[in-house]
There are 2 protein chains.
Amino acid sequence: MTFDDTPATSPPSLAEAKAQFIHLWGVSATSWGVSKTLAQVHALLLVSPKALSTEDIMAQLTISRGNASMTVRELLDWGLIYKELRLGERREFFVAEKDMLQVTRCIIRARKRRELDQMKRSLDQLANLPGDAADVEYQAFHSTLTDIQQLATASDKLLTKLMQVERSWFWDKFLKLFL
Amino acid sequence: MTFDDTPATSPPSLAEAKAQFIHLWGVSATSWGVSKTLAQVHALLLVSPKALSTEDIMAQLTISRGNASMTVRELLDWGLIYKELRLGERREFFVAEKDMLQVTRCIIRARKRRELDQMKRSLDQLANLPGDAADVEYQAFHSTLTDIQQLATASDKLLTKLMQVERSWFWDKFLKLFL
DNA sequence: AAGAACTTTCAATTATTTCTGAAACATATG
DNA sequence: CATATGTTTCAGAAATAATTGAAAGTTCTT
């Protein structure tokens, strides 16, 4: 990526805009409990028309080999990037899933599994606690837990539906229905 | 707290269950970029039938006065708890909003304002970057940014609708439509 | 206006998370 | 099998974020 010296008043170069987008994606991720590097590697690949090697990623984001390796592996787990193998090349290249509907599905799937499903198990256990229905302390606990459980179940079902939804249905029916 | 000698196999006492819930809420919050203490104070008040003072909160969660004060303030900002003032009492008591639909609205409102709205502004700026439509690098950048923008706009509208939705509509129509 | 009761602030400390870099590991090639 | 090329691991370092606690601030009471 070339260095460039344009004055502050002109529109940013493509390289600058990419850097800004990568930065933005990193900052946003952080406030949703996702590691900055994970998001930045994702952003870099999202705006890259061709597959990048680990070396490319290290160089562009100035991160260590270890970090790049771990991060790429996690993105593969999420399903947000793919390996691209080339004949006669030892090293691996990576491309991002570019379809944002698909990206959304991956993110919902991963986070639902990791956090919502786990939480529902704990809630089920706690909400079943037997107790004295006349005790105001017990009542407060039990009714709050039940309400949260209900909300968790509703969220779960909604997210499951959203993941399964067809592209055409999504853009045609769903959006027009609500928006 | 009362004397209790039950073996490990029996159901947990109410106090234990509350502690577990508070812990669960704290852990879950952490993975969504929300501070542990914020969530734990919220959880404590959610399962407390009566309003608690700052002292109560400090004691139950063993946190410092400063932490309790800051956290309570932030929960007030989110709209998740209310002050309860008592005649002839200097100190303030706090109660949680117990209605989980309302709680959901507060959380959506706060996070949308803080993160989504801010992000949309940045995206608008970046997606407008002029460039050479024949350049594959530019194309990749521009089309990805446009897609993300579209997704952000759709999310925004959906969240706005969700916040405005009536309770009856939500439980009757929305859920039955999808779930 | 001085003291009591309570709240807020913030610099310093502590805890947690993330990242680095070098060594170990894997695999292809001469 | 020795070397070259590339990947993974993980203990310690560095960066970030959360928390404390004591001092300053506020408000009520007499």
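Quick note on labels: first sequence line is chain A, next is B, and so on, each numbered from 1. No hydrogens, no waters, no symmetry mates; every other heavy atom, side chains included, goes into these values.
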At 10 degrees resolution, what angle do the end axes of the helix from C/dA1-D/dT30 to C/dG30-D/dC1 form when each is taken over five base pairs?
0°
Can you give me every donor-acceptor pair (side chain of residues 36-44 of chain A, partner residue at least two apart or in another chain, under 3.5 Å) with its distance?
unit_1, atom_1, unit_2, atom_2, d
A/His42, ND1, A/Trp25, NE1, 3.4

Residue pairs, two or more places apart or on separate chains, that pass ring-ring contact (aromatic ring centres under 6.0 Å, His included) and touch residues 54-75 of chain B:
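Sorted result for residues 54-75 of chain B: empty, none.
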Which other residues belong to the hydrophobic cluster containing [X], where Ile, Leu, Val, Met, Phe, Trp and Tyr are joined when side-chain heavy atoms lie under 4.5 Å apart, directly or via other members?
{"X": "A/Leu85", "answer": "none"}
{"X": "A/Val95", "answer": "A/Tyr82"}
{"X": "B/Trp32", "answer": "A/Trp32"}

Would you name the heavy atoms of [X] and [Y] that are closest together and state the gap between them?
{"X": "A/Gln139", "Y": "A/Ala133", "value": "NE2-O, 2.8 Å"}
{"X": "B/Lys98", "Y": "B/Ser48", "value": "NZ-O, 3.1 Å"}
{"X": "B/Ser28", "Y": "A/Met119", "value": "OG-CE, 3.0 Å"}
{"X": "A/Leu101", "Y": "A/Asp99", "value": "N-OD1, 2.9 Å"}

Sorted by chain and residue number, the ring-ring contact (aromatic ring centres under 6.0 Å, His included) partners of A/Tyr138 (sequence neighbours excluded) come out as A/His142
Are the side chains of B/Arg91 and B/Arg86 in contact, using a 4.5 Å heavy-atom criterion?
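A side-chain contact under 4.5 Å is absent here.
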Between residues 33-43 of chain B and DNA chain D, which residues have a heavy-atom gap below 4.0 Å?
B/Ser35, B/Lys36, B/Thr37
Residue-level proximity of residues 70-96 of chain B to DNA chain D when a heavy atom falls under 4.0 Å
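Within this stretch, B/Arg90 sit under 4.0 Å of the strand.
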For chain B and DNA chain C, what are the first and last nucleotides along the strand, 5' to 3', with at least one atom under 4.0 angstrom from a heavy atom of the protein chain?
C/dA5 to C/dT9
What parts of residues 52-68 of chain B reach DNA chain C, counting only heavy atoms under 4.0 Å away?
B/Thr54, B/Arg65, B/Gly66
Side-chain N or O of A/Ser69 versus OP1/OP2 of D/dT8: is the shortest distance under 4.0 Å?
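Indeed, a polar side-chain atom of A/Ser69 lies that close.
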Once rounded to the nearest 0.5 Å, what's the spacing between atom CD of B/Glu74 and atom CD1 of B/Ile81?
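B/Glu74 atom CD to B/Ile81 atom CD1 measures 10.5 Å (nearest 0.5 Å).
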Taking A/Ser69 for its side chain and A/Arg65 for its backbone only, find out whether a donor-acceptor pair lies under 3.5 Å.
no
Looking only at side chains, do A/Thr144 and A/Asp147 share a donor and an acceptor under 3.5 Å apart?
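Looking only at side-chain atoms, A/Asp147 and A/Thr144 do not form any donor-acceptor pair under 3.5 Å.
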Which residue pairs pass the side-chain hydrogen bond (donor to acceptor under 3.5 Å, both in side chains) test when at least one of the two sits in residues 106-119 of chain A, sequence neighbours left out?
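Found A/Arg111-A/Glu115, A/Lys112-A/Asp117, A/Lys112-A/Asp156, A/Gln118-A/Arg121, A/Gln118-A/Ser122.
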